[in-house]
Amino acid sequence: MDYDFKTVEAKWQAAWRDAKAFEPETPQDEVRARAGEAEKNKFFFTVPYPYVSGNLHVGHGRTYANGDVIARFHRMRGERVLWPMAFHITGTPVLAVSAKIAAGDAATIAMYEDYVRCYETDEARVRELIASFAKPEAVVAYFSKKIVLDFQRMGFSLDYSRQFTTGDPEYNRFIEWQFGCYKQKGYLKQASYPVLYCPRCGNAVGEDDIKEGDTAPVDALKFAAFKSKLENEKENTFIISCTLRPETVFGVTNVFVNPLAKYVKASVDGEIWLVSEPALEKLRLQGHRTEVKEKMLGASLVGKFCVTPLGARVPILPAAFVDVNNASGFVHSVPAHAPWDWIALEDLRKDEKTLARYADKNLKKLLDEIKPISLISVEGYGEFPAQEILARMKVANSRERQKIDKATQELYKAEFYGGKMKQGVAGEFAGLNVTKAKDAVAEKLVGERKAAWFYETNRPAECRCGGNVLVAIMNDQWFLDFNAPGWKQAARECLDAMTIYPPVYRKQFNDVFEWLDKRPCARRRGLGTRLPFAPEWIIESLSDSTIYMAFYTVIKRIREKGFAAAQLTLEFFDFVFLGKGDAGGIAKKIKAKPWDLEAVRYDFLFWYPNDLRHTAVAHITNHLSFFIFAHAACFEREHWPRAISLNEMITAEGAKMSKSKGNVVLLNNVARDYGADLFRVYSVGAADFGSTLDFRKHDIEATRKSLGRFIDLAAKLIEAVKNGGNNGGSSRIDAEAKTGLVGVTLSRFESCVRDSTRCLEEFRLRDYVQTALYKQTNFFEDFLRRANESEKRLVAEQCACRWIALLSPVAPHACEELWEKAQKKGLASRGFVSLSRWPTAQEKLINPAAEASEDLVANVIADSRKIASLLKKKTASVTIIVASAAKAQEAKRLIAACESPQQVKASSDGLTAFLQKKFFEFQQNPALLEVNDFETLDAASEFIGKTLGCSVRVEREEESKSERAARAMPGKPAVVLS
RNA sequence: GCAGGGGUAGCGAAGCCUGGUCAAACGCGCAGGUUUGAGGUACCUGUCCCUUAGGGGUUCGGGGGUUCAAAUCCCCUCCCCUGCACCA
């Protein structure tokens, strides 16, 4: 069959669009809208809206393709399906893209040029568009249009009539209502919080704002800053040294300073602190009052003494490895447990030059007096773990930075997870696990004001603007408090009542719910909705996309009735979503018609709750959990979501897709190169929901073959039907279909219908494709090879249209095309196959005995081939000797009577052994013994002969003269070659 | 470390919940054959090892156990992947 997928797909996409095939209306009948679930017969299905910062890739494609199969299946089962789509634009990524393009960032411009070239051929137009992208609205406007095109090109049966973006004023009002709910319930709170911050921009920064923020993520680390009092100062002056391991305070032997770096003496919250110059800025951002008193070089401190928070008097020593840009610029030294400290002391002892420079300080003597203090016991290490690990890794001096870092990491891990604080050294913390001691020590010291908290990034990071990324403390950060009284409990109840597929992920939800605590939900910048009661804050993007499914149900009517954003007040939504207040009063207030308000409410009541949400597994820890929490917070129990299905991510040729690797496969290109149906069949059929799909060109090409075979076969089946369609087929089926080739074929097909339906009901889409497409194609191919014209007609009348309908969820374009062909033959019903009724399996045609007889034929052929290959001789003829009727009877009786293979005792040794071996096979599939071997094989002898390329004779054991006749067993005839 | 998932023939990947029909679906790769003027395509056959009569042997990360019977159930062990938040 000539099949040009581009033409065919475009044709049906246009037809669906023109017919508004997938844009369900809400019945405006009040009674129906208020009717119970069962009567509503609706299926409100959602997949998260895409983020509009560029083109869609195959990952979106996989999730939406799976979603589309589900939506189409439900639609064909007669449910009123609403599957809408919209666009997410909240947050900073779109802003970042525009900023980069405006700043002339070459990589970004190149990437967006490539995106745009997917749709534009004119280079001048490309340049013009890219220039326009300096404005974020232009990015959103352009790509949201293209996303719709991409979706349509994939044939997704979305309702495109309810589109919106999260920046629309109506949406803003809706989110304001949501946050009003949170506030009212006490779920929304303010507190201080550390954030990554760029002083140059004067703003908090996210991953997108940081150079290489996506490949090397930046975190804020919480250091304990020890205050060690400097000796011989007029006023109390503290050296500030920071650590991630506060428990090692018991082992401090000295403090290191970088002699060549600049330090400042400053007033910090009324005390005098000594820190590096950059550290003071950080302290200021972290909410401390700071004022510089005096600047100095590190060298001026060398040889002085200070007193640690625990009262130990320790010297200050020079060390070049101290980085003043990291933390406070002083490092206290715990040589017993810190490889860097150990090696620094070693180096210094050998560093004659430095020792000479500070001759007046007599560093040599100070060094001699330093004795490492061991304070943690850990398995596999002795007194001084740092020394041991350095020796083991053969580190010679401090220039081997990588090795030392590795040693530090390894030792830290060992001590943190396996270490215990030593008796006699660690005071009240003796005996504690390091894991516990770490926090306890720090809390105690901070409580006694002997230490403070200091935040630092885990790596030096630069903002895209060129400024340094630091950690700042936000004092008035808005949080959602998932542990607020009652909330988590309600969310759990919602989750418990939901269906999660695949079920293994339920556990993960439970775990996430367990650790969800406080979560910042607003930022100072980005696109989105402002907090109504604190407009300098913009609601963050994961927080404004948790209940928008409800918005889909109402936006169409809101627009139709001409509501302006200003009319969408809190009372409006209270009425629409919660039924609070009376329509008349609210309508009067917002100057609207009461029945318009009621119409919106009906839409919500008809469609809600969300029956199924389908998305990628990665969203469990955030979006999907928030989705449940938010519904539990804002809606009545009857409107809580019902089910979630999940699929894993997609990789490309074995590698994770990422922009930096440049291996992102764009959905648009896939549609262009392979066509929608092929991608759909491939992505749905190649991997279970629970497995990663590896997108491989080679494999999708192989799928092309299978899809083509289906199209050819279905066309052939349609051809086989006489014009005028089904003429008295069913009565003939009753008469003829029980046995023989037709019986087998119908039995297999009806099984296929039954199994496919079951797969779809259970979200096993891969199995559905395997069953309905691959397996069934093989069966029909085999059938067409062997059947005569009359048999073909019979089967085709019975199966062709139903097979096409069965596959239309996954390959809708091809199936519409075939359906149209069948309509011309008078075979298929009018209208789209996409809107036709789902085929029902005719269980009475499922006939295990017929299928068993088919297996018998296949086994005889396989046996003959095997024997032939062992004989290594040409086969001229095959004699098939069928077991005697007496044997068959005996076998049946024994299998029915015996409970285990050991009990089987037949009249001949051969039969006994045979039945014992096959015992469980026969027991579980008794149809195998119901087959009339002789009739079956005799009827198939011509086919067997053709297949084997030789003559075939079938005879009965009783009548056979062959000496091998006794080998004949029920279901396994003797085969004699010559 | 905590939590989750996984290790199956040359490769990818089913099967495991509900033990026997499992030498283990399906696809790729590879080999042979048919078609065609090489090639490619399409189709057929084969693809753990041995076997001149349909048989036998050894397999499902490693070790142990339960059972008449284990890829499937239980215990131990090794290895791999993902998540651990304020980011869409």
Side-chain angles (χ1 to χ4, degrees), chain A residues 48 50-53 88-94 96 193-196 204 206-209 213-214 217 219-220 413 416-418 435 477-480 502-505 507-512 514-523 526 540-543 545 617-623 625-626 648-649 654 656 685-688 690-692 694 696 698-699 701-703 705-706 708-709 766-767 769-770 774-775 778 781 785 855 859-860 862-873 900-902 917-925 928 947 949 964 967 972-977:
Chain A
Y51 193 82
V52 194
S53 61
H88 198 200
I89 67 164
T90 307
T92 52
V94 173
Y193 192 77
V195 294
L196 298 175
E207 190 179 286
D208 292 305
D209 311 309
D214 51 339
D219 291 322
K413 208 171 160 183
F416 183 70
Y417 295 115
T435 338
Q477 175 68 53
W478 289 92
F479 287 90
L480 288 177
V504 286
Y505 293 115
K507 174 100 175 78
Q508 205 167 329
F509 272 104
N510 283 322
D511 292 343
V512 171
E514 199 56 45
W515 63 253
L516 273 175
D517 187 16
K518 291 185 177 58
R519 180 176 199 282
C521 61
R523 305 176 69 184
E540 169 277 331
S541 69
L542 282 176
S543 304
S545 53
V617 172
H619 294 131
I620 291 176
T621 51
N622 43 51
H623 169 73
S625 291
F626 304 156
E648 264 292 354
M649 49 164 215
K656 205 169 170 176
D688 283 328
S691 348
T692 304
D694 191 16
R696 286 189 290 197
H698 192 278
D699 289 356
E701 282 299 344
T703 307
K705 207 166 66 181
S706 310
R709 275 168 62 197
R766 179 182 194 271
D767 289 346
V769 173
Q770 297 283 330
Y774 295 105
K775 215 162 135 189
N778 284 339
E781 256 180 0
R785 260 200 298 272
D855 292 344
N859 287 338
V860 167
D863 277 354
S864 307
R865 280 193 173 125
K866 174 145 198 212
I867 298 165
S869 81
L870 284 172
L871 291 175
K872 289 176 186 150
K873 270 188 260 170
S900 75
Q902 288 75 27
K917 191 177 171 194
K918 295 263 186 180
F919 186 81
F920 291 104
E921 192 177 337
F922 284 139
Q923 198 183 49
Q924 279 169 39
N925 189 2
L928 293 172
T947 307
R964 304 193 69 81
R967 286 184 69 99
K972 193 168 177 65
V975 177
V976 182
L977 305 196

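So that the names make sense, note that chain A is the first sequence line, chain B the second, and so on, each numbered from 1. The shown structure was predicted, so the numbers you read here are calculated from the model rather than taken from an experiment. Heavy atoms only: backbone and side chains are in, while hydrogens, waters and symmetry mates are out.
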Within the distance-only criterion (no hydrogens, no angle test), does the side chain of [X] pair as donor or acceptor with the backbone N or O of [Y] below 3.5 angstrom?
X        : Y        : result
A:Asn925 : A:Glu921 : no
A:Ser691 : A:Ala687 : no
A:His623 : A:Pro48  : no

Determine, stepwise, if the pair A:Arg523 / A:Val195 fulfils side-chain contact (heavy atoms from CB on, under 4.5 Å).
CA-CA 10 Å; A:Arg523 305 176 69 184; A:Val195 294; over 6 Å; no

Gap in Å between the two [atom1] atoms, one belonging to [N] and one to [M], rounded:
N      : M      : atom1 : answer
B:rU77 : B:rC84 : P     : 28 Å
B:rC11 : B:rA25 : P     : 15 Å
B:rU21 : B:rG55 : P     : 15 Å
B:rU72 : B:rA14 : C1'   : 13 Å
B:rG19 : B:rA70 : C1'   : 6 Å
B:rA24 : B:rC74 : C1'   : 23 Å
B:rU66 : B:rG56 : P     : 27 Å
B:rG10 : B:rC48 : P     : 9 Å

By salt bridge (charged side-chain N to carboxylate O under 4.0 Å, His left out) - contacts of A:Asp688 (at least two apart):
none

With sequence neighbours excluded, what pairs up with A:Arg865 under the salt bridge (charged side-chain N to carboxylate O under 4.0 Å, His left out) test?
none

Apply the test salt bridge (charged side-chain N to carboxylate O under 4.0 Å, His left out) to residues A:Arg696 and A:Glu701: give CA-CA distance (whole Å), side-chain angles for both, the deciding distance (0.1 Å), then the verdict.
CA-CA 9 Å; A:Arg696 286 189 290 197; A:Glu701 282 299 344; over 6 Å; no

Paired with [N]: which nucleotide, if any, by Watson-Crick or G-U wobble criteria at under 3.5 Å for both distances?
N      : answer
B:rG40 : none
B:rG19 : none
B:rG29 : B:rU47
B:rU35 : none
B:rG83 : B:rC2

Considering every strand and a 4.0 Å limit on heavy-atom distances, what is the contact class for [X]: base, sugar-phosphate, or nothing?
X        : answer
A:Phe919 : nothing
A:Asp863 : base
A:Ala868 : nothing
A:Ser900 : nothing
A:Pro973 : base

Let me know, please, whether A:Cys521 or A:Gly690 comes out on the 5' side of the other along RNA chain B by nearest nucleotide.
A:Gly690

For A:Lys507 and A:Arg519, take the nucleotide of RNA chain B holding the closest heavy atom to each; which residue's nucleotide lies nearer the 5' end?
A:Lys507

Please state whether the phosphate of [N], meaning OP1 or OP2, lies under 4.0 angstrom from any side-chain nitrogen or oxygen of [X].
X        : N      : answer
A:His698 : B:rG29 : yes
A:Ser545 : B:rA88 : no
A:Thr621 : B:rA85 : no

Could you run down nucleotides 39-53 of chain B 5' to 3' and tag each one B, S or - for protein heavy-atom contact under 4.0 Å?
---S-SS-----BSB

May I have the distance from [X] (atom [atom1]) to [N] (atom [atom2]), rounded to whole angstrom?
X        : N      : atom1 : atom2 : answer
A:His619 : B:rC86 : NE2   : P     : 15 Å
A:Ile620 : B:rA3  : CD1   : C1'   : 12 Å
A:Glu701 : B:rG29 : CD    : P     : 12 Å
A:Asp511 : B:rC2  : CG    : P     : 13 Å
A:Lys775 : B:rG27 : NZ    : P     : 13 Å
A:Leu196 : B:rA85 : CG    : C1'   : 13 Å
A:Glu648 : B:rG4  : CD    : P     : 16 Å
A:Leu516 : B:rA3  : CG    : P     : 17 Å

Give the C-alpha distance, both sets of side-chain angles, the deciding distance and a yes or no for side-chain contact (heavy atoms from CB on, under 4.5 Å) between A:Phe626 and A:Ser543.
CA-CA 8 Å; A:Phe626 304 156; A:Ser543 304; 5.9 Å; no

Using a cut-off of under 3.5 Å, enumerate the N/O to N/O pairs linking the protein to nucleotides 17-23 of chain B.
{"from": "B:rU21", "atom 1": "O4", "to": "A:Gln924", "atom 2": "OE1", "distance (Å)": "3.2"}

Restricting to nitrogen or oxygen on both sides, can you table the protein-nucleotides 8-16 of chain B pairs closer than 3.5 Å?
{"from": "B:rG12", "atom 1": "O2'", "to": "A:Arg696", "atom 2": "NH2", "distance (Å)": "2.9"}
{"from": "B:rA13", "atom 1": "O2'", "to": "A:Arg766", "atom 2": "NH2", "distance (Å)": "3.1"}
{"from": "B:rA14", "atom 1": "OP1", "to": "A:Ser691", "atom 2": "OG", "distance (Å)": "3.1"}

Can you see which heavy atom on A:Pro93 is nearest to which on A:Tyr51, and at what distance?
CD-OH, 3.3 Å

If you take all heavy atoms of A:Phe479 and A:Cys521, which pair is closest and at what distance?
C-SG, 4.0 Å

Residue list, ring pair (Phe, Tyr, Trp, His ring centres under 6.0 Å) with A:Tyr505, at least two apart or on another chain:
none

Does A:Phe509 form a side-chain contact (heavy atoms from CB on, under 4.5 Å) with A:Ser625? I'd like the steps, not just the answer.
CA-CA 7 Å; A:Phe509 272 104; A:Ser625 291; 4.0 Å; yes

Please report the C-alpha distance between A:Thr90 and A:Ser545 in whole Å, then the side-chain angles of each, then the deciding distance to 0.1 Å, and finally whether the side-chain contact (heavy atoms from CB on, under 4.5 Å) criterion is met.
CA-CA 9 Å; A:Thr90 307; A:Ser545 53; over 6 Å; no

Do A:Asn778 and A:Arg709 have a side chain donor and acceptor closer than 3.5 Å?
yes

